[in-house]
> 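The following block contains the structure, expressed as structure tokens.
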Amino acid sequence: MPFLYVAVAALAIGFEQLVQWKYGPMGIVAFLALSIGIKARNTMIGGIGAVILVMLLAQ
């Protein structure tokens, strides 16, 4: 079970680094807003993060 947590954390950190490398600081802000919105079950913050990520991906 602890190995699963380590693997998920490594995957999340890797994805965060990929977003930061490809989309810069705005990508990190969007990713953080999305993850905070999901953890806090706040649809407005999660939705804002998702919209920013979609706008960055649509370029």
> Hey, can you pull the donor-acceptor pairs under 3.5 Å for the side chains in residues 32-52, sequence neighbours left out?
unit_1, atom_1, unit_2, atom_2, d
S35, OG, F31, O, 3.2
S35, OG, L32, O, 3.0
N42, OD1, M44, N, 3.1

> What ring-ring contact (aromatic ring centres under 6.0 Å, His included) pairs are there with at least one residue in residues 34-59, not counting sequence neighbours?
none
> Applying ring-ring contact (aromatic ring centres under 6.0 Å, His included) as the test, list every pair that has at least one member in residues 36-59; sequence neighbours left out.
none
